[in-house]
Participant: 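Just passing along the structure, written as structure tokens.
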Amino acid sequence: MYKTQVFVNHEGDMFRTRLTHSLEVAQISRGIARSLGLNEDLAETIALAHDLGHTPFGHAGQDALNQCMQDYGGFEHNFQSLRVVDVLERRYFNFKGLNLTFESREGILKHCSIKNAKQLGTLGERFLNKTQPSLEAQVVDVADGIAYNIHDLEDGFRSGILTVEMMCEVVLFQKIFSEMKLIGKSASEKIIVYETLRRMMHLLIDDVTQQSQKNISSLNISQINEVRQSIRPLIELGQAVDIGLIQCRQWLKKMLYDHKRIKEMSIQAHEIITFLFDHHMSHLELVPADYQIDHNPERGVADYISGMTDRFAINLHKSL
Ligand code: MG
């Protein structure tokens, strides 16, 4: 709850966090999975866990920690999500981690470097052989993109960084917005924007469901092996809408993620993460026992830092 999606938690209570983002991804995933007759519980599990490995301060935090870990195998948030459920969560007498199924773990590990994939046995094979994961994992992948593009537009608008005039540069947004302006003549601009975003999400979910259903029937897919061996992912948006979503993502990067107010936060995040890493490396006794790894202290420090919330990291940095 207290980890950044785009806006640092203390900037305001109404912005998305990792938790609300994950809940939205789970809801969208469940909806698509239900329409396609897939395993809804699996899709939900993957969605809820997909961002567990994120550091505090969003991507800025992950880049900083990856730099700190450069000589020790690097830091990848997808790989860390798997590490959380496989190793770091301790809830059982007899084993580390949560004892999740292969299919859940496969879905959680969305991307993985070849180097890390080689250490993972069966789970890493798909990154080496370039095969596809389950349809449920593919659903979550697309749902993640749908969720963050829409909610980042909304949060950007709410924050005042993005205005309606600016958002009309996003083709998918503009088309629906001009329709909504005609329908909702007397409505406030805010309501027209929210109505537009809601319908935009509906359009994306509808489109991915239809295109994926078409892919599955036209290729006559009935076995999981056929899903895995398929050259391309079977769950995807249709080409036209996909191009629209890519344009939206690139626009958001330029207008929101690279905005001065967000970038300033990134610089601070970098300082805090780097300081915490260096400080704990030279004072390993400060690392809580659960995170101490004798033969690999750097990994333990990275585990400790990546599990922090924004405010914990800020407070610890201040007190040290
Ligand atoms: Mg995500």
Side-chain angles (χ1 to χ4, degrees), residues 1-9 14-33 38 40-66 75-86 88-89 100 103-113 116 127 133-156 197 200-201 204-205 208 233 235-237 242 245-246 248-253 256-258 262 265-266 269 306-310:
M1 179 182 292
Y2 296 105
K3 285 179 125 153
T4 300
Q5 183 67 24
V6 171
F7 293 89
V8 177
N9 180 253
M14 299 303 283
F15 295 123
R16 260 60 174 205
T17 67
R18 287 281 168 211
L19 176 66
T20 59
H21 164 70
S22 300
L23 293 174
E24 285 179 76
V25 176
Q27 290 169 330
I28 295 169
S29 300
R30 236 185 203 286
I32 300 171
L38 303 179
E40 292 176 40
D41 298 325
L42 176 59
E44 182 177 49
T45 302
I46 296 169
L48 290 174
H50 86 283
D51 271 349
L52 285 176
H54 267 289
T55 61
F57 315 118
H59 280 278
Q62 117 115 8
D63 291 346
L65 194 54
N66 188 30
F75 180 88
E76 297 169 27
H77 66 85
N78 283 295
F79 192 67
Q80 190 69 15
S81 296
L82 185 68
R83 195 168 156 74
V84 169
V85 298
D86 275 0
L88 295 175
E89 276 297 315
L100 300 185
E103 287 76 9
S104 300
R105 298 171 62 237
E106 166 195 60
I108 291 168
L109 190 65
K110 189 161 86 175
H111 301 292
C112 181
S113 62
N116 280 336
F127 300 99
S134 70
L135 292 174
E136 289 80 0
Q138 296 181 34
V139 163
V140 175
D141 202 358
V142 177
D144 188 21
I146 294 176
Y148 77 72
N149 277 285
I150 302 282
H151 68 47
D152 288 351
L153 283 174
E154 191 184 309
D155 279 0
L197 290 174
M200 190 171 151
M201 177 174 292
L204 291 165
I205 292 172
V208 70
I235 306 294
E236 60 179 3
L237 290 160
D242 192 37
L245 195 62
I246 292 169
C248 178
R249 183 183 311 142
Q250 289 166 344
W251 185 86
L252 274 168
K253 177 169 180 348
L256 185 64
Y257 311 144
D258 287 348
I262 306 294
M265 181 277 280
S266 303
S306 69
M308 292 176 184
T309 60
D310 296 352

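All values reported here derive from a predicted model rather than from experimental measurement. Both ligands and their constituent atoms are indexed starting at 1 by order of listing.
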Participant: Can you list the residues that meet the ring-ring contact (aromatic ring centres under 6.0 Å, His included) rule with His111, with sequence neighbours excluded?
Facilitator: none
Participant: Shortest non-hydrogen contact from Asn78 to Leu109?
Facilitator: O-CD1, 3.7 Å
Participant: Who are the side-chain hydrogen bond (donor to acceptor under 3.5 Å, both in side chains) partners of Asp242, not counting sequence neighbours?
Facilitator: none
Participant: If we only look closer than 2.8 Å, how many protein N, O or S atoms does the Mg ion (ligand 1) have near it?
Facilitator: 4
Participant: Can you pull the salt bridge (Lys or Arg N to Asp or Glu O under 4.0 Å) pairs that have at least one residue in residues 46-61, sequence neighbours excluded?
Facilitator: Arg18-Asp51
Participant: Which word best sums up how the rings of His21 and Tyr148 line up, parallel for under 30°, tilted for 30 to 60°, or perpendicular for over 60°?
Facilitator: tilted
Participant: Looking at every non-hydrogen atom in both residues, tell me the closest pair between Ser104 and Thr45 and how far apart they are.
Facilitator: OG-CG2, 3.8 Å
